[in-house]
Number of protein chains: 2
Amino acid sequence: MCTRIGILGYGNLGRGVECAVQQNDDMELVAVFTRRKPDEVSILTDTAKVCNVTEMEAWKDKIDVMIICGGSATDLPTQTPECVKYFHVIDSFDTHARIPEHFEKVDAVAKETKHIGIISVGWDPGMFSLNRLYANAILPEGKDYTFWGKGVSQGHSDAIRRIEGVKNAKQYTIPVESSLEAARSGDNPELTTRQKHTRECFVVLEEGADAERVAQEIKTMPNYFADYDTTVHFISEEELQANHGGIPHGGFVLRSGVTGWEKEHKHLIEYRLKLDSNPEFTASVLVAYARAAYRLSKEGQSGCKTVFDIAPAYLSAKSAQELRAYML
Amino acid sequence: MCTRIGILGYGNLGRGVECAVQQNDDMELVAVFTRRKPDEVSILTDTAKVCNVTEMEAWKDKIDVMIICGGSATDLPTQTPECVKYFHVIDSFDTHARIPEHFEKVDAVAKETKHIGIISVGWDPGMFSLNRLYANAILPEGKDYTFWGKGVSQGHSDAIRRIEGVKNAKQYTIPVESSLEAARSGDNPELTTRQKHTRECFVVLEEGADAERVAQEIKTMPNYFADYDTTVHFISEEELQANHGGIPHGGFVLRSGVTGWEKEHKHLIEYRLKLDSNPEFTASVLVAYARAAYRLSKEGQSGCKTVFDIAPAYLSAKSAQELRAYML
């Protein structure tokens, strides 16, 4: 029997979840919930329904796991605790500093209603966090490095778009190859913000805007760009659409550590992602954890969990016997 | 309170476990068990005892987790099921084809005696297996690649040493850089055994041995070398000791997959290890799983487990709250 999946929110991430469900034979998309008028939202799956968010409660016996595809700033802090009243849920809450608070809120409702809620699923937080944890547990004496990119940062692109005279923009975060090599060397260098990443901006100007002033405003913007070596390219809207329409991302998690009685041996653990589509990859992780949520619930478990709390076997459609025989 | 660790078998791996225990404040090495005469074995930890294997049962209330450091061919198939009668145990059983059988044997005894036995821990099987599992669960449509090295293969070094006229030898398995790049490309190439790895041998001859015949015997040896491009260097025993005394290893696990409604986006997940000391790194993984075994036992669990069955948080000395706050 298939696990019945619902999607709350149908942007890039929601559509990514829809695609990922299609790739997993043991899952079935049942309904998509949107704040828009359902007639105005067209989805890819013929057999699934589009409903307004206000109808959600009526689906509580027809959906096993709701995958919540809202934003971390304003949607998830209310959506996840609300949704877990009716369903097992997965979210990709990525405001690192507020994870403990979000966890507590979801945990309280999930325990009361006997549901599973797995929060902060994706790749960072998510697969990158897992790799940090495994690597730290194995090599307690060492140093962690995280590099992001090459990839599109939505937040930085938005920041550029808010500058006067900017019509459109796309920002790429790029890891500095020589710093990556330094992190891999085993010498455990201290790397500054500027040494680790550069930022490359492709900007479409409004007619008559002053390119030099815009470039200056970008490069000196505090938090976003001032601490980085930033390159600004001015291009046409057509070029932006043609060459910068994708949402690639990725990065590297490294731990460099030592073992031996005199700490005489060096080791490097490196995890790398290279993603054509950030939202589709994140969605694929969400769907794997939806499988886990459903299985945990079948065992009678409830409460809030993170990727740290889920044994890897729960993510796979294969049985424990198959996994031992063919994947160990 | 510290988890009390025992080590069974004091070769390179056993000594590696001893070093790893020293790096973890929540663990304490209590005793090392050897088939040799205890007086003839000198260990590094002042506070631990050396005992003969026959005394093991007497320690059943003084040791929490026994880390079994024997070989997979003849030691572990009997040692692990025997040991789990008295202790929670960890082993690094790495004969992939016989894992299901080993699992069943350990599971039966562990359940009966209410112990935890975690088998096939290390990096392959172990961390590589975990990465295969996570990557397959996230990207169900794709292709897996495993490359080993650059590193010393003990089995291949031994095979060379058995050739007449060979005094000593060390064999390195080396991944072919262009094939690694091909695997990373997203084109999912089929790679033959010969394309993926080369083998480099450093051989010390007995006096008067025929170098050409030895090189020929190595290069044509079925299973071990015949399917690979193999290079043979003849060197002196002094050179071998000076330049090839280490036991480095490592490798790469990659999964290249697609997402999207039309499978239009490519993704690469890559996990890499670069290890100065294969046994010390393996030992460090064993010790992290010893922590997990002890915690699982405190929850009342029992039976045989593999790395697939253990939630990552159990490996870390940090609390769930700390992990969520600082590592997610």
Side-chain angles (χ1 to χ4, degrees), chain A residues 16 18-20 22-24 44 96 99-100 103 120 125 127 129-134 136-141 184 250 259-261 265-277 280-281 283-285 288 291 306-313 315-317 320-321 323-325 327-328, chain B residues 16 18-20 22-24 44 96 99-100 103 120 125 127 129-134 136-141 184 250 259-261 265-277 280-281 283-285 288 291 306-313 315-317 320-321 323-325 327-328:
Chain A
E18 181 177 24
C19 295
Q22 183 208 23
Q23 290 187 291
N24 287 280
L44 304 162
H96 291 261
I99 287 174
F103 182 92
S120 302
M127 299 312 296
S129 326
L130 272 182
N131 275 279
R132 282 188 282 264
L133 169 47
Y134 277 118
N136 274 269
I138 295 169
L139 296 175
E141 296 183 66
R184 287 179 181 130
T259 65
W261 198 251
H265 291 127
K266 293 178 177 180
H267 305 276
L268 178 72
I269 303 175
E270 176 172 342
Y271 181 76
R272 177 199 185 178
L273 295 175
K274 187 164 160 260
L275 314 175
D276 269 4
S277 165
E280 287 181 9
F281 186 83
S284 299
V285 182
R291 178 179 292 122
T306 75
V307 296
F308 294 159
D309 307 310
I310 315 282
L315 304 182
S316 172
Q321 286 84 345
L323 290 176
R324 283 195 293 272
M327 214 168 270
L328 198 61
Chain B
E18 181 177 24
C19 296
Q22 184 209 23
Q23 289 187 292
N24 286 280
L44 304 162
H96 291 261
I99 287 173
F103 182 92
S120 302
M127 299 312 296
S129 326
L130 273 181
N131 276 280
R132 282 188 283 263
L133 169 47
Y134 277 117
N136 274 268
I138 294 168
L139 297 175
E141 297 184 65
R184 287 179 182 131
T259 65
W261 197 252
H265 292 127
K266 293 177 178 180
H267 304 276
L268 178 72
I269 304 175
E270 176 172 341
Y271 181 77
R272 178 198 185 180
L273 295 175
K274 187 165 160 260
L275 314 175
D276 269 4
S277 165
E280 285 181 10
F281 186 83
S284 298
V285 182
R291 179 180 291 122
T306 75
V307 294
F308 294 159
D309 307 310
I310 314 284
L315 304 182
S316 173
Q321 286 84 343
L323 290 176
R324 282 195 293 273
M327 214 168 271
L328 197 61

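Residue numbers start from 1 in every chain, and the chains themselves are labelled A, B, ... in the order their sequence lines are given, proteins ahead of strands. All values derive from a computational prediction rather than experimental measurement.
- Judged as a side-chain hydrogen bond (donor to acceptor under 3.5 Å, both in side chains), and not counting sequence neighbours, Y271(A) has no contacts.
- Interatomic distance, N131(B) CG to I269(A) CD1, rounded to the nearest 0.5 Å: 10.0 Å.
- For D276(B) (side chain) and K266(A) (main-chain N/O), a donor-acceptor pair under 3.5 Å exists by modelled atom type.
- Among all heavy-atom pairs drawn from A288(B) and A137(A), the shortest one is CB-O, 3.8 Å.
- The nearest pair of heavy atoms linking A313(A) to D309(B) is CB-OD1, 4.2 Å.
- Note: Y134(A) and Y134(B) have perpendicular aromatic rings, judged against thresholds of 30 and 60 degrees for the angle between ring planes.
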E18(A) and W261(B): side-chain contact (heavy atoms from CB on, under 4.5 Å), yes or no, with the steps?
CA-CA 8 Å; E18(A) 181 177 24; W261(B) 197 252; 4.1 Å; yes
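- The choice from P312(B), S316(B), C19(B) that makes the most heavy-atom pairs within less than 4.5 Å of chain A is P312(B).
- Taking each heavy atom of S284(B) and T259(A) in turn, the nearest pair found is OG-CG2, 3.5 Å.
- Considering only residues two or more places apart in sequence or on other chains, R324(B) meets the salt bridge (charged side-chain N to carboxylate O under 4.0 Å, His left out) condition with none of them.
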Decide yes or no on side-chain contact (heavy atoms from CB on, under 4.5 Å) for R272(A) and R184(B), but give the supporting numbers first.
CA-CA 11 Å; R272(A) 177 199 185 178; R184(B) 287 179 182 131; 4.0 Å; yes
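- Between L315(B) and L133(A) the shortest side-chain heavy-atom distance does not fall below 4.5 Å.
- Proximity to chain B (any heavy atom under 4.5 Å) is shown, for Q23(A), by both the backbone and the side chain.
- Distance check: H265(B) NE2 to F281(A) CZ gives 14.0 Å after rounding to the nearest 0.5 Å.
- Between N24(B) and P140(A), the shortest heavy-atom contact is OD1-CG, 3.6 Å.
- With a threshold of 4.5 angstrom between heavy atoms, L44(A) approaches chain B through its backbone and through its side chain.
- Both the backbone and the side chain of A325(A) come within contact range of chain B, each with at least one heavy atom under 4.5 Å from a heavy atom of that chain.
- When each of M127(B), E270(B), E141(B), Q321(B) is checked for heavy-atom pairs under 4.5 Å with chain A, E270(B) comes out on top.
- Of all non-hydrogen atoms in S129(A) and L328(B), the two that sit nearest each other are OG-O, 2.5 Å.
- In this structure the side chain of L268(B) never reaches within 4.5 angstrom of the side chain of L273(A), judged on heavy atoms.
- Formation of a donor-acceptor pair under 3.5 Å by the E280(A) side chain with backbone atoms of G260(B) is found in this model.
- Both the backbone and the side chain of S277(B) have a heavy atom closer than 4.5 Å to some heavy atom of chain A.
- Within the 4.5 angstrom heavy-atom criterion, atoms from both the backbone and the side chain of L323(B) approach chain A.
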